[in-house]
Chemist: 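First the structure, which I've put down as structure tokens, then a few questions once you've had a look.
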Amino acid sequence: MSMHEDYRHLEDSDRRFLWHPFTQMKEWEQEAPVIIAGGRDCFIRDIRGKWYLDGVSSLWVNIFGHRREEIDEAIKRQVDRISHSTLLGLSNVPAIRLAEKLIALANSGYGEEHSAGEKDRGRTLSRVFYSDNGSTAVEVAIKMAFQYWQHLGDQDRTAFLSLHLAYHGDTLGAVSVGGIDIFHKAFAPLLFRTFKAPAPYCYRCELQKTYPACNLACAERMGEILREHHREIAAVILEPLVQAAGGMIVAPPGYLKRIRALCRECNVLCIADEVATGFGRTGRMFACHHEDVVPDIMCLSKGITGGYMPLAATLATEEIYRAFLGDFRDLKTFFHGHSYTGNPLACAAALACLEIFEKEETVGGLAPKIALLEDWLREMAALPHVGDVRNKGLMAGLELVMDKSTREAYPWEDKMGWKVAHLARDNGVIIRPLGNVVVIMPPLCISIENLRQMLHVLRHAVISAVS
Ligand SMILES: *Cc1c(COP(=O)(O)O)cnc(C)c1O
């Protein structure tokens, strides 16, 4: 078979045998698929040898680029020891080392005094429960929060409070606390009970208010729900600072801190889903660090292995952990686990990734890239049909609108975001939009030069798509 026939065969087989996630396969079958065969640094290469800039970080997971030597080597070294062994009834070396590291990292972003006080109350994050992906990290958090109250004898806490436009993954527990109708409505009959609070979406405020005059009315609305229903609510779950899949919705300053305070006031647990925001994306190691917020439970995944391997961690406070201790017959065990929980290869990749963060002081070094992105966003905001631009660190969204003065959205069936993405792809940049929101989320390691190149391509793609 010639190379050429081989590529054709791969394309045919993709269309015949694969079912792609979040993809209307009828459309997919009519297009030529881009099939990735290699990558290096911030670039990925298709089977025909065409290179693209990986502007979505391979769906928000990649941190240090592809084929990063230290991570490659860490995985190879671990393969030579053991690739998998279970955490059920056994332990393994990389899983232990990583847990210690994650706890240190999660607690290192706060002021000393703050940490000491919280530690006394068992309220710093001190335990790591592994799973395989962001959705399972959230399932674990939900079950943990629910069972915590059961153990305390509080039987009525069967509901959760989440936000409109929230995204916490695609398994049914995660969908229950989701708030994106287009994805979630179809499954409504299968879901458990939740209360929903307004999204902190200033550009399209549900309460028709304006920040800062609103005095965070959206948080206050959550406060009302909590004060009325706290006896039924096990936990509030939210994406700290950025509701990513909801459209890169950036919460106004003080919102997260206010929610945390409301949870304390009403004695409801607070779950921070840092699956998208974690590992430097927002300009701090974790988004919670920006507002000195210590959640009761924190969900991590995506960037944890630098985007190499599926791995997730749900971090909990000692207070929660202790509620599960008891005699065997008390049945206080946390009955949850997966076949690949704490997989040594994934944990080895994560350890290598965290070492690079330390060695290169990655988070501290992001400032010039963030500044470049913010300058670009400000310029873009002046263009016709660019309704709103928003970012936290290197997570950014640019919302396209049909009418800038009324903020009227393009009908979602018009796929404006996709028009931009396709034009960008023709010019060598891969992005993935969220409805009418163009998402900018490059790997943290992207050079200033490559970032400039990416933004240049996106600018032209936006201009041609809307004209
Ligand atoms: C992506 C994401 C998830 C789900 O992670 P998967 O690994 O895709 O299951 C959960 N929460 C947030 C905030 C996410 O962005």
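Atoms within a ligand are numbered from 1 in the order they appear, just like the ligands themselves.
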Chemist: Could you walk me through whether F146 and F160 pass ring-ring contact (aromatic ring centres under 6.0 Å, His included), step by step?
Modeler: CA-CA 9 Å; F146 170 78; F160 286 77; 7.6 Å; no
Chemist: Looking only at protein heavy atoms, identify the closest one to atom 1 (C) of ligand 1 and say how far it is in Å.
Modeler: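 Closest protein heavy atom to atom 1 (C) of ligand 1: K302 NZ, 1.5 Å.
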Chemist: With sequence neighbours excluded, tell me which residues meet salt bridge (charged side-chain N to carboxylate O under 4.0 Å, His left out) with E27.
Modeler: K415
Chemist: How about I430 and S58: do any of their side-chain heavy atoms sit closer than 4.5 Å?
Modeler: no
Chemist: Tell me the protein heavy atom at minimum distance from atom 12 (C) of ligand 1, and give that distance in Å.
Modeler: D273 OD2, 3.4 Å
Chemist: Can you sort out which atoms of ligand 1 are near Y167, meaning under 4.0 Å from one of its heavy atoms?
Modeler: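 Counting from 1, the qualifying ligand atoms are 1 (C), 2 (C), 3 (C), 11 (N), 12 (C), 13 (C), 14 (C).
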Chemist: Would you please name every residue forming a salt bridge (charged side-chain N to carboxylate O under 4.0 Å, His left out) with R281, sequence neighbours left out?
Modeler: none
Chemist: Go through ligand 1 atom by atom and flag the ones less than 4.0 Å from a non-hydrogen atom of S135.
Modeler: 4 (C), 5 (O), 6 (P), 9 (O)
Chemist: Which of the atoms in ligand 1, numbered in the order shown and given with their element, are less than 4.0 Å from a heavy-atom of G134?
Modeler: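 Those of ligand 1 that fall under 4.0 Å from G134 are 4 (C), 5 (O), 6 (P), 7 (O), 9 (O).
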Chemist: What atoms in ligand 1 come closer than 4.0 Å to a heavy atom of E239?
Modeler: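 In order of numbering, the contacting atoms are 13 (C).
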Chemist: May I ask you to list the atoms of ligand 1 that are less than 4.0 angstrom from any heavy atom of N133?
Modeler: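 Atoms satisfying the 4.0 Å criterion: 7 (O), 9 (O).
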Chemist: Please report the interatomic distance CD1(I304) to CE(M309), rounded to the nearest 0.5 Å.
Modeler: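 Here the interatomic distance stands at 12.0 Å.
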Chemist: For W60, is at least one N or O under 3.5 Å away from an N or O on ligand 1?
Modeler: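 No, no N or O pair falls under 3.5 Å.
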Chemist: Between Y203 and Y201, how do the two ring planes meet: parallel, tilted or perpendicular, split at 30° and 60°?
Modeler: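 The rings of Y203 and Y201 sit tilted, inter-plane angle from 30° to 60°.
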